[in-house]
Amino acid sequence: MLDPKKLRKETSEVALNLSRRGFNFDQNTWNDLESERKELQGSNEVQQSKLNDISKEIGLAVKEGKDATQLKEQASELTALIKTQSKTLDDLLEDINQFVLSLPNLIDEDVPDGKNEDENLEIISVGSPRQFNFSPKDHLEIGDNRGIDMEAGVKITGSRFKVLKNEIAQLQRALLNFMLDTHIKDHGYEEVYVPYIVNKDSLIGTGQLPKFEEDLFKIDGESNFYLTSTAEVPVTNLLRDEILESETLPLKYVCHTPCFRSEAGSYGKDTRGIMRLHQFEKVELVQAVESSDSEEALEELTGHAEAILQKLELPYRKVSLCSGDIGFSAAKTYDLEVWVPSQDAYREISSCSNFRDFQARRMKARWKNPSNNKIELLNTINGSGLALSRTVLAILENYQESDGSVTIPDILRNYLGKDKILN
RNA sequence: GGAGAGAUGGCAGAGUGGUCGAAUGCGCACGCUUGGAAAGCGUGUAAGGUGUCAAAGCCUUCGAGGGUUCGAAUCCCUCUCUCUCCGCCA
């Protein structure tokens, strides 16, 4: 959520910033809503104050045994007036709330301008795509009948679900442990285990609701339960309605969860294999820091995700998402894209964002600044470290051999207990 | 799933219709005291909104929503959550 004070005082600057995303901020609607709110709220508070005074007088009069009939009549009238006024005001406040909740975050100065993903800015590319002396297969050709069973997924549930078996299931588990261990031991994160079903308040807190309900799986019969689309939701909401002491910062959580996405609107996209599914595994990194530290924290956290790719010796590149491609809640985002030989392209495997105080304001995640004893909003940063299912895919494809086997990256060999699979 | 009890500030815990945003204790901050510390003493200490250079002031909030009343932490209704017992269960 954007700062309502900023929306009031710097309306045109906000509109200009949002327009970089291609978002049209309706200044007239906002100004109308606001001026009406101001007037109603002001007069309502005056009436309320009057009523409070009269009520006190009545209390005193009754205590002293005086007649308070006239005062009571006066108060009754006032109460009725306030009641109707409050109803109007409440409706208005709800409208304003919905309006503000539907505004995306402001983007940082250094976010490159651009319309869509084609205009994302490459920051660095690390490692170079392997030159195969045979024609490389895609991950499904490698894993089909040997551990990746798409048909079983369809039978059990439906399209865009998979079953992993044997060495490929083990590979995923080894990767999971490797990622968690690295973030805990090398990068100083605290592991958390959280519910995979989240409520509406949590989803509003991180920004998935109210605007993106169609991306989520909603649980039938439960009025406000949804399957989590990313660990970002349950983990960041640990901070909802909290006021943290400064000693606890920076707060660094790592969490593995399955992620459930309806993939509405992605029909026909990445339909083959395990690239884009309704359920996939992800290790998520979440940080909460004071506002002056969040830019640095994003760099650090992105580095932690990159470290996984580097240790796995997978070629990747880091891009800064352009203004037209950046997500609703983010002020700045780096995507990490791993090389996928079968597609001859880099594909997203991690997305790391600085949300500044956008999520924190929605969920009232605050900390107490000891330097001025003021309560301030936290800044939240999160990123995948990494998407597990796509990492499995990347390893299968990048490490495949001409005989159909797959070499295991050095760092994973102890975790898996093998240096080669599918041989 | 059945029966009962409960939800108050950072924590504990009073408060059953009026000056209660809320006693008291703990914690925390500052000051006094001390060679220094502890103890002791004193003062302060909820959040959000509005307002302001800053403040004062004003409004809202005692799990959430609704109702009764001039007035609700307190009475009534609905919901959520927690605890205890029973049942079931990994």
Side-chain angles (χ1 to χ4, degrees), chain A residues 1-9 30-31 33-101 193-205 209 218-219 221-226 234 237-249 251 288 357-378:
Chain A
M1 194 161 78
L2 298 180
D3 183 358
K5 279 186 191 141
K6 195 180 178 101
L7 275 174
R8 260 171 248 148
K9 286 184 188 150
W30 168 250
N31 286 329
L33 284 170
E34 259 304 291
S35 55
E36 201 185 338
R37 194 218 93 234
K38 207 168 180 176
E39 198 183 312
L40 262 176
Q41 199 167 44
S43 87
N44 199 250
E45 285 183 6
V46 170
Q47 309 292 353
Q48 194 62 255
S49 173
K50 267 191 211 164
L51 178 63
N52 287 345
D53 288 342
I54 297 176
S55 294
K56 275 180 194 169
E57 273 185 64
I58 294 173
L60 285 175
V62 167
K63 210 170 231 175
E64 292 166 20
K66 288 181 191 161
D67 176 52
T69 318
Q70 211 167 354
L71 281 173
K72 282 193 183 180
E73 270 171 35
Q74 215 180 327
S76 287
E77 274 174 44
L78 206 47
T79 303
L81 179 69
I82 289 169
K83 231 169 216 178
T84 49
Q85 228 174 34
S86 301
K87 176 80 177 91
T88 320
L89 180 62
D90 286 348
D91 290 347
L92 182 64
L93 288 175
E94 182 51 27
D95 287 349
I96 290 176
N97 190 241
Q98 289 303 317
F99 182 85
V100 175
L101 283 178
Y193 170 85
V194 296
Y196 302 157
I197 294 175
V198 294
N199 63 29
K200 211 169 215 168
D201 286 342
S202 294
L203 288 159
I204 290 172
L209 290 180
K218 186 164 194 221
I219 297 190
E222 294 286 348
S223 58
N224 64 349
F225 283 4
Y226 298 78
N237 273 281
L238 286 168
L239 307 172
R240 176 149 51 88
D241 294 320
E242 298 289 335
I243 300 174
L244 302 182
E245 296 297 330
S246 63
E247 308 86 76
T248 61
L249 302 179
L251 208 62
D357 60 13
F358 187 83
Q359 295 180 324
R361 183 172 288 106
R362 287 173 163 245
M363 64 173 78
K364 296 188 187 69
R366 295 153 294 174
W367 68 292
K368 196 162 199 175
N369 186 343
S371 72
N372 55 13
N373 235 3
K374 287 248 165 73
I375 287 165
E376 300 177 13
L377 290 169
L378 288 161

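None of the values given here were measured: they were computed from a predicted structure. A, B, ... follow the sequence lines: proteins, then strands. Residue 1 opens every chain.
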Listed nucleotide nearest any side-chain atom of A:Leu51, set B:U60, B:C70, B:G49 | B:C70
CG of A:Asp90 to CG of A:Leu40, rounded to nearest 0.5 Å, is 10.0 Å
What's the verdict on side chain to side chain donor-acceptor pair (under 3.5 Å) for A:Asn199 and A:Ser202, showing C-alpha distance, side-chain angles and the deciding distance?
-> CA-CA 6 Å; A:Asn199 63 29; A:Ser202 294; 3.2 Å; yes
Closest-nucleotide ordering on RNA chain B, the 5'-leading residue of A:Ser55 and A:Ile243 = A:Ser55
With salt bridge (Lys or Arg N to Asp or Glu O under 4.0 Å) as the test, would you mind laying out the steps for A:Lys66 and A:Glu64 before giving the verdict?
-> CA-CA 6 Å; A:Lys66 288 181 191 161; A:Glu64 292 166 20; 3.0 Å; yes
Under 4.0 Å: is that the gap between some side-chain N or O of A:Lys83 and OP1 or OP2 of B:U68?
-> yes
In terms of the nearest nucleotide of RNA chain B, which residue is placed more toward the 5' end: A:Lys38 or A:Asp90?
-> A:Lys38
Taking any strand in view, what nucleotide pairs with B:G87 in a Watson-Crick or G-U wobble way, both distances under 3.5 Å?
-> none
Touch class at under 4.0 angstrom, heavy-atom based, for A:Asn52 against every strand present | sugar-phosphate
Rounding to the closest angstrom, what is the interatomic distance between B:A12 and B:G63 at atom P?
-> 14 Å
Nucleotide opposite B:U82 in a Watson-Crick or G-U pair, distances under 3.5 Å | B:A5
Nearest to the side chain of A:Gln41 - B:G49, B:A47, B:C70?
-> B:G49
Pair partner, B:G21 [Watson-Crick or wobble, under 3.5 Å] = none
For A:Lys5, which contact category applies under a 4.0 Å heavy-atom criterion: base, sugar-phosphate, or nothing?
-> sugar-phosphate
